[in-house]
Enquirer: 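Supplied in structure tokens, the structure appears directly below.
Note that ligands are numbered from 1 as they come in the structure, with each ligand's atoms numbered from 1 the same way.
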Amino acid sequence: MKFYSTNNINHRVSLADAIMKSLPEDNGLYMPESIPALPHSFFENIQHYSFAEIGFEIAKRFLHPDLSLSEIKNITDDAINFPVPIVQLDDQTFILELFHGPTLAFKDVGARFMSRTMALLNKNENKKLTILVATSGDTGSAVANGFYDVDGIEVIILYPSGKVSPLQEKQLTTLGKNITALEIKGTFDDCQRLVKQSFLDQRLNNHYRLSSANSINIARLIPQSFYYVDAYRQLKDKSIPFYYSVPSGNFGNLTAGLIAKKMGLPVSGFIAATNANDTIPNYLKTGNYSAQETIATISNAMDVGNPSNYARMNDFYKSHLAMGEDIVGYTYSDEETRKMMVDTYQNNNYVLDPHGAVGLLGWKEFSEGKNNIQGIILETAHPTKFIDVVTDTLHITPELPPALKAIEHAQKQSVLMENDFSVLKNYLLSR
Ligand SMILES: *Cc1c(COP(=O)(O)O)cnc(C)c1O
């Protein structure tokens, strides 16, 4: 299959180019030239598939014949090694727990799949591939974990000193092996600037083969469609119309749901639930896309004022009216989010993280007064990833899951560095 740029449908590249380059030069995003359909028989027999097998059925329709079926099978079996259970909250509400992977957020699914696919595409290169990534927390740990111990690839993470949570820092700095953490005396934006400068530097490019493993890489998007289908598999009554409520920031997760729908998943629609960063809900209401300054909220992984994946959503629908037939948008304040966390804890004895709470708010608003529909809320992170907000809101200290307990007392290993490109460059050239 070929991939085109959302800015120029005639600019087509191979699967390998789309994945290794991440972004087209024209600043669009890569899209598959067609969305393959899954056969009816697949959905009729879905009970007989595991999560990893569902992943294989989807992935092979995009990756074959560029990769062989056995290569694709190895990637999906290896990447999809944790479950995404749905937990029933009430008659019509289900929570899809996407946080059972190594870094406890849904980003593990995309990062694990992308890293294994990149490793395969990279295997005939004799020069090591170096992934440079700036992170404000979650992305860095998912990417680092995904590439951990992968042959022929190393990851260098830049993170802002003192600006990630202690547990996030442990996730970034305790892996070792092919993962190096640079603790920059600056902000996330400084880290991002240093990474961009590195990509433009001639001497660094002679010394290293650099790649970015960006969050909008198509190899992260495709696997995110797997869990929409796996959630459907788990629904007991498939005759009742169902919807997904997706707490959204950059809208990669929701776009992956749209891909699953286009492949034939019989979903009735999507709820795009945002925090105060409501660019897409506004677009759905007015038809005007107007990027906003980012507003800081307690669901900070969704603090995005100019969501990249709007380019892909627009490519699918072309107008806000067409988009509005599949997606409704809602926006919520931090106060509403906290209240939903409290209500859910008191009424259902379920601890939501702030992102999942935004998702549940969206479903409650949408389903109000409607009977005979069911909703699947994407719970995008484990509540202990946002333990400060959870403790502050619910006045409880939830127990850490084993993945976090294991690193709680591990030794941090990072290189503390001035926020200065020449310092970074000298360091990289002298390794
Ligand atoms: C990244 C992230 C989101 C937002 O997902 P998008 O695909 O960017 O919309 C939501 N919740 C958590 C916990 C995240 O890490």
Enquirer: Is there a donor in the side chain of Asn275 and an acceptor in the side chain of Ser299, or the other way round, less than 3.5 Å apart?
Expert: yes
Enquirer: N/O of Met302 under 3.5 Å from N/O of ligand 1, yes or no?
Expert: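 N/O-N/O distance below 3.5 Å does not exist for this pair.
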Enquirer: Give me the residue, atom name and distance of the protein heavy atom closest to atom 8 (O) of ligand 1.
Expert: Asn250 N, 2.8 Å
Enquirer: Please indicate whether any nitrogen or oxygen in Thr380 is less than 3.5 Å from any nitrogen or oxygen in ligand 1.
Expert: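 The answer is yes, given that Thr380 and ligand 1 share an N or O pair closer than 3.5 Å.
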Enquirer: Any atoms of ligand 1 less than 4.0 Å from a non-hydrogen atom of Ala381? List them with their elements.
Expert: 13 (C)
Enquirer: Which one holds for Lys107 and ligand 1: side chain close, backbone close, both close, or neither close, with close meaning a heavy atom under 4.0 Å?
Expert: side chain
Enquirer: Tell me which one of Phe251, Phe386, Phe99 gets a heavy atom nearest to atom 6 (P) of ligand 1.
Expert: Phe251
Enquirer: Is the closest side-chain donor-acceptor distance between Asp26 and Asn8 under 3.5 Å?
Expert: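 There is no such pair between these side chains.
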Enquirer: Say whether Gly252, considering both its backbone and side-chain N or O atoms, lies within less than 3.5 Å of an N or O atom on ligand 1.
Expert: yes
Enquirer: Is the shortest side-chain N to carboxylate O distance from Asp77 to Lys73 below 4.0 Å?
Expert: yes
Enquirer: Given the ring of Phe316, does Lys262 sit roughly above its face, with NZ or CZ under 6.0 Å from the centre of the six-membered ring and within 45° of the axis?
Expert: yes
Enquirer: So, regarding His355 and ligand 1 (criterion: nitrogen or oxygen to nitrogen or oxygen, under 3.5 Å), is there a contact or not?
Expert: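 In this structure, His355 places no N or O atom under 3.5 Å from an N or O of ligand 1.
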Enquirer: Would you sort out whether Thr187 and Asp190 count as a side chain to side chain donor-acceptor pair (under 3.5 Å), showing the intermediate values?
Expert: CA-CA 5 Å; Thr187 63; Asp190 294 326; 3.2 Å; yes
Enquirer: Identify, for atom 7 (O) of ligand 1, the protein heavy atom at the shortest distance, and state residue, atom and that distance.
Expert: Asn253 N, 2.9 Å
Enquirer: Which residue and atom name correspond to the protein heavy atom nearest atom 5 (O) of ligand 1, and how close is it?
Expert: Phe106 CZ, 3.4 Å
Enquirer: Given Thr294 and Asp303, is the side chain to side chain donor-acceptor pair (under 3.5 Å) satisfied, shown in steps?
Expert: CA-CA 6 Å; Thr294 302; Asp303 293 351; over 6 Å; no
Enquirer: Quick check: does Gln224 get an N/O under 3.5 Å from an N/O on ligand 1?
Expert: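 Between Gln224 and ligand 1, no N or O pair is found under 3.5 Å apart.
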Enquirer: Tell me yes or no: between the side chains of Asn217 and Arg220, is some donor less than 3.5 Å from an acceptor?
Expert: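 On atom types as modelled, these side chains do not qualify, holding no pair under 3.5 Å.
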Enquirer: Would you check if there is a donor-acceptor pair between the side chains of Asn419 and Arg193 at a distance under 3.5 Å?
Expert: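 The answer is yes; a qualifying pair exists.
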Enquirer: Can you list the ligand 1 atoms lying under 4.0 Å from a non-hydrogen atom of Gly249?
Expert: 4 (C), 6 (P), 8 (O), 9 (O)
